[in-house]
**Student:** 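Quick one: structure below, then a few questions.
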Amino acid sequence: MINGMDTAQLYRDFAAREARGHSPRYERLAAAVAEDAALLDLIDLLPEGRRQPNLLLGAVRFLGGECRDPGLFRGWVAEHWDQVRGVMLRRRTQTNEAGRCATLLPVLAALPQPLALIEVGASAGLCLYPDKYRYVYDERPPLGPADSPVTLRCRTTGPVPFPERLPRVVWRGGVDLNPLDVHDADAMRWLECLVWPEQTERLRRLRGAVRVARDPGEPPPRLVRGDLNEAVAELVAQVPDGATSVVFHSAVLAYLPLPAREEFAATMRRLPGHWISNEATSVLPAVAARLPVPAPPDRTVFALALDERPLAFTGPHGQALEWFGEQA
């Protein structure tokens with residue numbers, strides 16, 4: 001069981017709520033896994049946190065396996081299970097989706113400048129460069145450097161406080177159980193395998209973000225290996241004088257049990273600066289209790305919140321921003 005959901009339902013839910021409309025291939029494969037009792041039995045032998053559809057699908061692609069025909073996919077996974085299992089135990093779903101910066105930007109730009117950014121679950125740190133990307137909200141004029149290798153497009157609804165300028169970032173840090181080095185070709189290939197097959201724009205975005213992070217003229221972020229509850233306070237203590245500390249995270253806390261999430265929330269309430277969360281709507285109880293409207297029942301959205309105050313629903317990959325109105 002994962003968050004009260006058995007593995008078959010987990011894969012059905014992924015197919016219907018996440019992959020549908022975004023990756024027909026992953027929708028078909030996940031739905032096929034959900035009906036394969038033998039394959040589900042193998043997956044259930046993995047630790048609970050290692051059974052996610054994204055992890056299985058990324059592992060098969062990383063190994064060069066069959067990822068088109070559902071029947072051939074199921075056969076290939078069963079035949080090569082020891083290899084697939086090994087990748088799923090060693091690797092993590094460190095998607096590191098730079099597109100989420102488009103949903104974070106209106107909040108970051110509105111905070112007192114300059115900023116010191118600290119990402120929890122930083123992976124390779126690609127979301128630590130919101131000031132280096134170019135943004136296009138709906139049909140509005142682009143914002144950001146014209147020569148950026150990354151352009152983030154985002155659909156919006158509601159009274160979004162569109163920024164007039166990018167935030168000024170003077171320090172970048174992050175914590176992850178397994179920080180990735182942008183200069184490690186094998187690690188970057190794994191990140192590419194986590195991009196869904198049909199999403200060529202996401203793949204271009206990832207490669208462009210890696211180019212930004214590899215810029216020799218840009219000081220690398222301080223990425224530390226460790227547990228988020230232990231490391232976040234240490235990173236906040238390193239924020240330079242005069243900078244606003246901003247701790248943020250997206251699609252990270254769902255991997256923690258509820259007591260660890262509550263411990264993290266208690267830590268963030270004590271620390272100076274601001275806390276931006278961008279997680280599935282039920283992950284943080286204090287945010288979920290304050291949502292002004294119910295989450296849509298037919299698709300997955302995240303709840304964007306500043307210091308536990310909900311501001312908007314967001315698309316999981318930063319593709320949409322649905323700002324709440326006066327009811328927020």
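Note that the coordinates shown come from a computational prediction; the quantities given were computed from them, not determined experimentally.
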**Student:** For residues F302 and T281, report the shortest heavy-atom separation together with the two atoms involved.
**Tutor:**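 That would be C-CG2, 4.3 Å.
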**Student:** For A251 and R100, which heavy atoms make the closest approach, and how far apart are they?
**Tutor:**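 So the minimum-distance heavy-atom pair works out to CB-NH2, 3.8 Å.
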**Student:** Would the distance check show the side chain of Q113 and the main-chain N or O of L111 forming a donor-acceptor pair, the cut-off being under 3.5 Å?
**Tutor:**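 Checked: pair present.
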**Student:** Check whether any side-chain heavy atom of R61 lies under 4.5 Å from a side-chain heavy atom of P197, and answer yes or no.
**Tutor:**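 Yes; the side chains approach each other to less than 4.5 Å.
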**Student:** How many angstroms lie between CZ in F264 and CZ in R269, if you round to the nearest 0.5 Å?
**Tutor:**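 Here the interatomic distance stands at 11.0 Å.
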**Student:** Test salt bridge (charged side-chain N to carboxylate O under 4.0 Å, His left out) on E66 and R74; report intermediate values, then the result.
**Tutor:** CA-CA 9 Å; E66 168 59 49; R74 290 154 60 183; over 6 Å; no
**Student:** With no hydrogens and no angle check, is any side-chain donor or acceptor of Q94 less than 3.5 Å from a backbone partner on N96?
**Tutor:**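 No, Q94 side chain to N96 backbone: no donor-acceptor pair under 3.5 Å.
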**Student:** If you measure from OH on Y26 to CG on L56, what distance do you get to the nearest 0.5 Å?
**Tutor:**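 Answer for the OH-CG pair, Y26 versus L56, is 9.0 Å.
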**Student:** Tell me, do P106 and F162 make a side-chain contact under 4.5 Å, heavy atoms counted?
**Tutor:**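 In short, these two side chains do not touch, never coming nearer than 4.5 Å.
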**Student:** Evaluate the ring planes of H249 and W275, with Trp represented by its six-membered ring, and classify them as parallel (under 30°), tilted (30 to 60°) or perpendicular (over 60°).
**Tutor:**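 Plane angle between 30° and 60°, so tilted.
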**Student:** Measuring from atom CZ of R91 to atom CG of L55, what distance do you get when rounded to the nearest 0.5 angstrom?
**Tutor:**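 Spacing of CZ (R91) from CG (L55) equals 10.5 Å.
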**Student:** Taking E279 for the side chain and V252 for the main chain, is one N or O donor matched with an acceptor at less than 3.5 Å?
**Tutor:**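 The answer is yes, because a donor-acceptor pair under 3.5 Å joins these two groups.
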**Student:** Any side-chain heavy-atom pair from L166 and P145 closer than 4.5 angstrom?
**Tutor:**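 Yes, their side chains come closer than 4.5 Å.
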**Student:** Got a donor-acceptor contact below 3.5 angstrom from the E308 side chain to the A305 backbone?
**Tutor:**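 Side chain of E308 to backbone of A305: no pair is present.
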**Student:** Flag yes if more than 12 heavy atoms outside R85 fall under 6.0 Å of its CZ atom; otherwise flag no.
**Tutor:**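 Open: at most 12 neighbouring heavy atoms sit under 6.0 Å from CZ of R85.
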**Student:** Which value, rounded to the nearest 0.5 Å, describes the distance between L180 atom CG and M188 atom CE?
**Tutor:**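 The distance works out to 5.0 Å.
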**Student:** Is it the case that over 12 heavy atoms from other parts of the model lie below 6.0 angstrom from the CZ atom of R168?
**Tutor:**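 For R168, atom CZ is not crowded (no more than 12 foreign heavy atoms under 6.0 Å).
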**Student:** Taking the side chain as every heavy atom from C-beta outward, state whether Q83 and V87 have any pair of such atoms under 4.5 Å apart.
**Tutor:**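 Q83 vs V87: side chains apart.
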**Student:** Please check if the number of heavy atoms outside R155 that lie under 6.0 Å from its CZ is greater than 12.
**Tutor:**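 No - once you tally the heavy atoms of other residues, nucleotides and ligands closer than 6.0 Å, there are 12 at most.
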**Student:** At their closest point, which heavy atom of E27 faces which heavy atom of G21, and how far apart are they?
**Tutor:**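 Smallest heavy-atom distance, with atoms named: OE1-N, 4.4 Å.
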**Student:** My understanding is that only one of T151, L143, L105, V212 makes a side chain to side chain contact (heavy atoms under 4.5 Å, CB included) with Y133; could you say which?
**Tutor:**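 So, applying the side chain to side chain contact (heavy atoms under 4.5 Å, CB included) to Y133 and each of T151, L143, L105, V212, only V212 qualifies.
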**Student:** Which residue is it: V120, L228, V247, V175? I am looking for the one with a side chain to side chain contact (heavy atoms under 4.5 Å, CB included) to L235.
**Tutor:**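 Of all the options given, the one that passes is V175.
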**Student:** Where do V182 and L126 come nearest, in terms of heavy atoms and distance?
**Tutor:**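 V182 and L126 have their closest heavy atoms at CG1-CD2, 4.1 Å.
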**Student:** Indicate yes or no: does R202 engage E97 in a salt bridge with an N to O separation below 4.0 Å.
**Tutor:**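 Between E97 and R202 there is a salt bridge, with a charged N closer than 4.0 Å to a carboxylate O.
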**Student:** Do V169 and K132 have side chains that approach each other closer than 4.5 Å (heavy atoms only, starting at C-beta)?
**Tutor:**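 No, their side chains stay 4.5 Å or more apart.
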**Student:** Do E201 and R153 pass the salt bridge (charged side-chain N to carboxylate O under 4.0 Å, His left out) test, and can you show the C-alpha distance, the side-chain angles, and the key distance before you say yes or no?
**Tutor:** CA-CA 10 Å; E201 178 60 30; R153 301 182 184 278; 5.6 Å; no
**Student:** Just say parallel, tilted or perpendicular for the rings of W76 and H80, cut-offs at 30° and 60°.
**Tutor:**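 Rings of W76 and H80: parallel, as their planes differ by under 30°.
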**Student:** More than 12 foreign heavy atoms under 6.0 Å from CZ of R68: is that the case here?
**Tutor:**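 Counting neighbours around CZ of R68, 12 or fewer heavy atoms of other residues, nucleotides or ligands fall under 6.0 Å, so no.
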**Student:** Can you see which heavy atom on R172 is nearest to which on P130, and at what distance?
**Tutor:**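 Heavy atoms only, the tightest pair is NH1-CD, 4.5 Å.
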**Student:** Could you state the interatomic distance from OG1 (T267) to CD (E230), rounded to the nearest 0.5 Å?
**Tutor:**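 Rounded to the nearest 0.5 Å, the OG1-CD separation comes to 10.5 Å.
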**Student:** Which heavy-atom pair separates V170 from A243 by the least distance, and what is that distance?
**Tutor:**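 Looking at all heavy atoms of both residues, the shortest contact is CG2-CB, 3.8 Å.
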**Student:** Would you kindly confirm whether L29 and L72 end up in one hydrophobic cluster when ILVMFWY residues are joined by side chain heavy atoms under 4.5 Å apart?
**Tutor:**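 No; tracing contacts between hydrophobic side chains, which count when under 4.5 Å, never links both residues.
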**Student:** Would you check if D6 and D44 make a side-chain contact, meaning some heavy-atom pair closer than 4.5 Å?
**Tutor:**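 SC-SC contact between D6 and D44 ruled out.
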**Student:** State the CZ-CG distance between R261 and N229, to the nearest 0.5 angstrom.
**Tutor:**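 Output value for this atom pair is 12.0 Å.
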**Student:** So, applying side chain to side chain donor-acceptor pair (under 3.5 Å) with S23, which one of E198, R28, E18 is it?
**Tutor:**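 Result for side chain to side chain donor-acceptor pair (under 3.5 Å) with S23: E198.
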**Student:** For the residue pair W196 and H317, does the interplanar ring angle fall in the parallel (under 30°), tilted (30 to 60°) or perpendicular (over 60°) class?
**Tutor:**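 Correct class here is perpendicular.
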**Student:** Check whether any side-chain heavy atom of R92 sits under 4.5 Å from a side-chain heavy atom of Y255, and report yes or no.
**Tutor:**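 Answer no - side chains too far apart.
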**Student:** Quick one: does any side-chain atom of T314 pair with a main-chain N or O of L304 as donor and acceptor, under 3.5 Å?
**Tutor:**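 Absent.
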**Student:** Taking the side chain as every heavy atom from C-beta outward, state whether L152 and C101 have any atom pair closer than 4.5 Å.
**Tutor:**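 In contact.
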**Student:** Is it the case that the side chain of Y137 and the backbone of A102 share a donor-acceptor pair, with hydrogens and angles ignored and the cut-off at 3.5 Å?
**Tutor:**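 A pair under 3.5 Å: yes.
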**Student:** Under a 3.5 Å distance rule, please check whether D138 uses its side chain to pair with a backbone N or O of R140 as donor and acceptor.
**Tutor:**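 It does not hold such a pair.
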**Student:** Taking atom types as modelled, find out whether D176 and S123 have a side-chain donor-acceptor pair closer than 3.5 angstrom.
**Tutor:**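 No, no side-chain donor-acceptor pair sits under 3.5 Å.
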